[in-house]
Structures are given as structure tokens and as C-alpha cells.
Amino acid sequence: MMEKAAISGVLDEIAVLLELTGENPFKIRAYSAGARILETLTEDLDELIKTGKLADVPGMGEALVDKITTLRRDSVLPFHQKLKASIPPGLLEVIQIPGLGPKKVRALWTQLQVEDIARLKSVCESGEVAALKGFGEKTQNNILAGIKNRIAYAQRHRWADAAEIAEPILEGLKKLPQVKMAESAGSLRRARETVGDLDFLVGSTEPEPIMQWFVNYPGVKEITAQGETKSSVRFENGLQADLRVVPPEQFYFALHHFTGSKEHNVAMRQRALSRGLSMSEWGFKSVDEKTVAPGAKSEEEVFKALGLEWIPPELREGAGEIEESEAKRLPRLVQMQDIKGVFHNHTTASDGDHTLEQMAAAAEKMGWSYLGISDHSKSSFQARGLDEGRLAQQIEEINKLNQSGRFHVRVLSGSEVDILREGALDFSDDVLGKLDFVVGSVHNLFTLDKEAQTKRIIKAIENEHVDMIGHLTGRLLNRREPYEVDVAKIIDAAAANDTILELNANPWRLDLDWRWWRRAAEKGVLCAINPDAHDTEQLGFAAHGVRIARKGWLTKEQVLNTRTLPEVLKWLGRK
DNA sequence: GCCGTTTTCGGCCCGACTGTTTTCAGTCG
């Protein structure tokens, strides 16, 4: 049985392969769109297939339903196999080079027998590429640069890293005298977990000096494009940034357009057309040219013109947000100011950098009313995990601190207890029973097969002392893949046992992934946004967690840490 | 390949920029 993510990967690959065969671009788009739809589907895939409801999902026609059904059942698809066999596998890498699309790759393939990167490099170096019709000296050099930097260029950047680069640029833009308004857009604004490139948008009637400022920004390694309204630069680390300057009247159309996603934009434009309006980053145009097309002085007005409520950028993934907006059913997303405290944090007792007191003081400074401390348990000896004795001592310390009245913030005693091989926990029920809360986490045996890993975690979920499961899939963005685990089953088990799933807010983790939360919430699973802070500053990770929770359509009600201390204590004492 | 108060065929979102061209194709988002 093939995973949803893997099936969507096959559909994406089919789309690229079809590009290389020169297929109808709209057919290609149907496959890409199918992959995106599948990725964000909240319903159970097997259920959809069984009941035939998959065909009711917009964008899923007979052919896609057939292929997805086959892939789910057999894990292979003859159509895909055949297609793959007809194209040199190396071309899938070649087409990733910036500036090379299907047409150019086909030309290289048919005329210069380019079947992989190595051959491409050699025909560039020999000058044969420049001699091809439609190619030239510059294209050849760009390809060579693309080959040289292809790993850096392909890399997506963790949101927090991208934001760190984007912030001072945006501030700088806002300070320029010619700039009326400026925002960052793209996947950064949509709060994706990783960001491919930065998009800056400026409203101004004088683009020229703004462009100059931008392409001369410190750290810019090369200028990849520079026109009247758009410039692109690349930084040392491979991150690309685009700047677009538009007249202030068009700013909100452009902001909407470059916030995307592609699927969201396509749907918006189709909606506009059905209302007699052609929509672009420059605004609306009346199709019949008889009526006057509306302008917009805010993003709200862009949506309003199409009969929609404003859709938060986090939701603009083309996953049904437009339908919900039309029906006025958009969720009221959780906000940072709703957060009243956090769970799952570490101190110097295990692998944290700051003491209990320092952490409490920092939590108080955040304006929170409670702070959960959950140091590691004894099996995590690499993290100086606490044994029963040291844990008892820590509980005592926490009690004393709470009684001392030194802080308004209430410290909750907890443990991030290791889930052992068969799902048993690192502490006995007696020990766990003395704590205010318990986070159960997997820290070893990442290579267990899916069934065993799932069973192991569900066993922990069923333990009455376990309040929440930490970083469910163990992924580290750009560094370590999630381990094999049946998330759908875990969600059902968490719902059945009234166990919380953590949204680990560490920017490397952001685990559980945003794509699962809508479904988890629908099933009644409660979320806890946990910074997993190992020092005082990392308590601020909570903001990353809130961002991902919003992306996962979560409301205040679906997140435990929006509740008051008495409500939280009541919930933790529920069983 | 998908879709349908332009409906079962014939459309399908829209525009900027580059490089290679003499007016535009290809790529990108």
C-alpha cells in the first residue's frame, strides 16, 4: 500500500515526464494539481476510494481516480513505469536547472544527446550548446552556473532562516522615501515550513531608486534579473529574492497575486472569470469592457469583489479555502496573543541551558501564566535524562518555587518520558502519577517498521498518565526524514484516548506537520503548541507553533495552551 | 486531464523578463 505523499510524488513525476515528452500543458497541469490536491486532502483516502467520493473532489477526474486507486493498491502504475522507461532518468535532474524548461531540455536531448547532467556539462564546455538554435553564449554560461550551484539552488530554506534574511530587507524597503507600502509575500507569508525564495512587494510611483537599493543590498551575490518592475537577486547561501514594484493602486492585487499559492491563484482567477472579470497582479479587467472593473484599497476588497471574505495567507493553498470563505465558514485562527502558557520545556537538569528559575522568569516576561517543565527521562542518557530520584527532587524544587511567590507564572512539573521499544514508558505509573503532566516521546529506534512504530506509540497514547505525544514523526527539516508511522491511525487513537498531539514549535521540527491538523481537529484531537525550549530565548519558538497551527486551520478552542491555568489544570486532571 | 447557465468538445490564468531574435519563444512564478 502506497502512502498519500508517495502517490502525490508519483503524480508530480508523471507531470515532469509528460513535460519532457512535449505533452499538452493542460494535461500536465492536471497531474500537478492532482498531486497538490491529494497532499492536502483531509479525508481518509481509502474511504474516499471505497465510496467513490474521490471523483467528487474538484480536479479529480476519472483518469486521476483510476491512477490513484491503482497506486494505493499496487504501489506501482504501469502508465508511470512505461513513461519512465521512455525518458532518460537523468533528464529529471536536467530540467531542474534554472532556465531550462521542457522545450530546451528536449532540444538538448534530441540534438546533442544530453541524457544527464554530466553530458550537459561537457556539451556546454565544448561550446556545442551555444551553437544550437534558440541557445547562445549567455544561456550556455547560465547552464554551467546552474550545474555548479544546483544543490544550493534546489535547497529550500527553513522558514525561520528565510524570515531572518527577509526582515531587515523589508524594514530597509519601508524606510526608503519612494516607498508607499511594502510587504513580503510568497511562501514566507503563507507560513510554509520551508521557503524556496523571498518575494518582496512595494507600492511606489518611482521604482528605479528602489530597484537600485535592492540589487545593491549587502550580501547579494548576483543579480539574476533586473527590469522596470521586477528584479531578482541571489544571496551567498543560494536563497533567491524577487522584488516587484507596482503603482500603489495596484499594490493589493499584486500582494494577493504574489502571496499565492499557484493553486489558490488559479482558482481565484477562474472565479473572477465566471463573474466577467479577468484578474491579474495588476487588478481586474472587465471581460466585456462594458462594466467598470473594481479597484481595491486593501486585500479585503480584492476578495470582496469576488464575493469572498478575506482569506488569511496561511490558508491560501487551494485546499478548499475559497469555498469555505464563500460560505462564511472560515475558521477564526488561533493567534499568538491567545497563548497563555506552554508545556514541554527543558532546564539544566537535563539538556537545557537555563535553570528552572531562569526559565520561569523568561516565561513571566512572555506574559504567560503557566510554564511546563519536562526534562528528559533516564533512558535519554545522551541528554542527561533524569532518573526517579532526580525527578522527585525536581518536583520538590518546583513546588518550593511555586510556593515562594517569586513569580506569578505557575510552573507545572512534567517529564518528557521516553517511549521504549514496545511502547512501555521509561517511568512507572506511580512516578508518572506524581507529575502535573506527561509528554511521551520517541527518541530512538527510528528505523522500526511502520506497523511496529505505530503500535509502539499507540500503546503510549493508551497509558492514562500520558497527556500528550511529543514531536510525533521525529522529522528535522532538510536534515532527517520523519520515521515511518501511520499518522492517521495515531490521530484516531489520540481522539479515542483523549490524548493531545503536540505541535512541536522548534523551527527544525514543526512536527506534527500542518497538513494533518485540519483532520486531527475534525476528529476531535486537541493540540498543544510546545516550544520544546532548551533555553530562555527558545520559549519564543511558540510563535512558530502558532503560525503552523494557523496553517493547519486550528482555532483557539482546538489548542490547549489558549486556556486559563484553572482550565488547564482541570484538563490535565481529567482521567 | 478536467470541466460544463458558452455543457460532451474545446477551451483551459496572466504577465514580466531574458536571450536570442529581428518580432518572439521559452521560462518562471
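Letters go in sequence order (proteins before strands), and every chain restarts at 1. All of these numbers come straight from a predicted model, not from anything done at the bench. Atoms considered below: every heavy atom in the structure, side chains included; atoms not considered: hydrogens, waters and symmetry mates.
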Distance below 4.0 Å between [X] side-chain N/O and [N] OP1 or OP2:
| X | N | value |
| --- | --- | --- |
| T139(A) | dT18(B) | no |
| K285(A) | dC13(B) | no |
| N142(A) | dG19(B) | yes |

Compare all side-chain heavy atoms of M181(A) with those of V179(A) and state whether any distance is below 4.5 angstrom.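 When only atoms from C-beta onward are counted, V179(A) and M181(A) do not touch, as no gap falls below 4.5 Å.
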Applying the Watson-Crick and G-U wobble criteria at under 3.5 Å, what pairs with dT8(B)? Answer none if nothing qualifies.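 For dT8(B), the partner nucleotide comes out as none, under the 3.5 Å rule.
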With rounding to whole Å, what would you report as the distance between [N] and [M] at their [atom1] atoms?
| N | M | atom1 | result |
| --- | --- | --- | --- |
| dT21(B) | dG26(B) | C1' | 12 Å |
| dC12(B) | dT6(B) | P | 14 Å |
| dT20(B) | dC13(B) | C1' | 27 Å |
| dC2(B) | dT8(B) | C1' | 12 Å |
| dC28(B) | dT23(B) | P | 25 Å |

Over all strands shown, is M268(A) touching base, sugar-phosphate only, or nothing at heavy-atom distances under 4.0 angstrom?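 Since no nucleic acid heavy atom lies under 4.0 Å of M268(A), the category is nothing.
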Hey, does S232(A) reach any base, or is it just sugar-phosphate, or nothing, if we go heavy atoms under 4.0 Å?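 Contact class for S232(A): none.
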How many whole angstroms separate atom [atom1] of [X] from atom [atom2] of [N]?
| X | N | atom1 | atom2 | value |
| --- | --- | --- | --- | --- |
| F26(A) | dC14(B) | CZ | P | 10 Å |
| F135(A) | dT21(B) | CZ | P | 11 Å |
| I28(A) | dC12(B) | CD1 | C1' | 13 Å |
| R271(A) | dC14(B) | CZ | C1' | 19 Å |
| K138(A) | dT21(B) | NZ | C1' | 13 Å |
| Q226(A) | dG19(B) | CD | P | 12 Å |
| Y31(A) | dC3(B) | OH | P | 13 Å |
| F214(A) | dC17(B) | CZ | P | 13 Å |

Taking the six-membered ring of W516(A) (Phe, Tyr or Trp), confirm whether the NZ or CZ of K4(A) is under 6.0 Å from its centre and within 45° of its axis.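 Output yes; distance and angle both within limits.
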Side-chain donor-acceptor pairs under 3.5 Å in residues 188-203 of chain A, sequence neighbours left out?
from, atom 1, to, atom 2, distance (Å)
R189(A), NH1, T259(A), OG1, 2.8
R189(A), NH1, E299(A), OE2, 2.9
R189(A), NH2, E299(A), OE1, 2.9
R190(A), NE, E317(A), OE2, 3.0
R190(A), NH1, T259(A), O, 2.7
R192(A), NH1, E317(A), OE1, 3.0
E193(A), OE1, W514(A), NE1, 2.8
E193(A), OE2, R515(A), NH1, 3.0
E193(A), OE2, R515(A), NH2, 3.4
T194(A), OG1, R156(A), NE, 2.9
D199(A), OD1, R244(A), NH1, 3.4

Under the rule for ring pair (Phe, Tyr, Trp, His ring centres under 6.0 Å), what residues qualify as partners of [X], not counting sequence neighbours?
| X | answer |
| --- | --- |
| F284(A) | F253(A) |
| Y483(A) | F446(A) |
| H544(A) | W159(A), F541(A) |

Let me have the donor-acceptor pairs involving side chains of residues 264-275 of chain A, under 3.5 Å, with sequence neighbours excluded, atom names and distances please.
from, atom 1, to, atom 2, distance (Å)
H264(A), ND1, E321(A), OE2, 2.8
H264(A), NE2, H256(A), NE2, 3.0
N265(A), ND2, H257(A), O, 2.8
R269(A), NE, M279(A), O, 3.1
R269(A), NH2, H257(A), ND1, 2.9
R271(A), NE, L306(A), O, 2.8
R271(A), NH1, E326(A), OE2, 3.4
R271(A), NH2, L306(A), O, 2.9
R271(A), NH2, E326(A), OE2, 3.2
S274(A), OG, R271(A), O, 2.7

For the pair C527(A) and I529(A), evaluate side chain to side chain contact (heavy atoms under 4.5 Å, CB included) and give the outcome as yes or no after the intermediate values. CA-CA 6 Å; C527(A) 168; I529(A) 295 173; 4.1 Å; yes
Does E309(A) offer a backbone N or O that forms a donor-acceptor pair with the side chain of S325(A) under 3.5 Å?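 Such a contact is found between S325(A) side chain and E309(A) backbone.
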Please list every donor-acceptor pair under 3.5 Å in which a side-chain atom of residues 161-171 of chain A meets a protein atom from a residue at least two apart or in another chain.
from, atom 1, to, atom 2, distance (Å)
D161(A), OD1, R158(A), NH2, 3.3
D161(A), OD2, R158(A), NE, 3.4
D161(A), OD2, R158(A), NH2, 2.8

Between [options], which one does the side chain of [X] approach most closely?
| X | options | result |
| --- | --- | --- |
| K27(A) | dG1(B), dC13(B), dT18(B) | dG1(B) |
| V266(A) | dC13(B), dG15(B), dT18(B) | dC13(B) |
| T229(A) | dG1(B), dA16(B), dT20(B) | dA16(B) |

Return a table of donor-acceptor pairs under 3.5 angstrom between the side chains of residues 6-20 of chain A and protein atoms on other chains or two or more places apart.
from, atom 1, to, atom 2, distance (Å)
D12(A), OD1, R36(A), NH1, 3.2
D12(A), OD2, R36(A), NH2, 2.6
E13(A), OE2, H80(A), NE2, 3.1

What donor-acceptor contacts under 3.5 angstrom involve side-chain atoms of residues 132-148 of chain A, with partners at least two apart or in another chain?
from, atom 1, to, atom 2, distance (Å)
Q140(A), OE1, V129(A), N, 3.4
Q140(A), OE1, A130(A), N, 2.8
Q140(A), NE2, C124(A), O, 3.2

Can you list every pair that meets side chain to side chain donor-acceptor pair (under 3.5 Å) and has a residue in residues 22-35 of chain A, with sequence neighbours left out?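 Qualifying pairs, neighbours excluded: E23(A)-K27(A), Y31(A)-K67(A).
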Can you list, in residue-number order, the parts of residues 52-78 of chain A that come under 4.0 Å of DNA chain B, counting heavy atoms only?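 The answer is P58(A), G59(A), M60(A), G61(A), E62(A), A63(A), L64(A), K67(A).
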For DNA chain B, the residues among residues 293-325 of chain A that have a non-hydrogen atom under 4.0 Å from it: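 Hits under 4.0 Å, by residue number: none.
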Residue mapping more 5' on DNA chain B - nearest nucleotide basis, R29(A) or E228(A):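 That would be R29(A).
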Under 3.5 Å, which protein N or O atoms sit close to an N or O of nucleotides 27-29 of chain B? Give each pair with its distance.
from, atom 1, to, atom 2, distance (Å)
dT27(B), OP1, G101(A), N, 2.7
dT27(B), OP1, G101(A), O, 3.0
dT27(B), OP1, K104(A), N, 2.8
dT27(B), OP2, K103(A), N, 3.2
dT27(B), O5', G101(A), N, 3.4
dC28(B), OP1, G99(A), N, 2.5

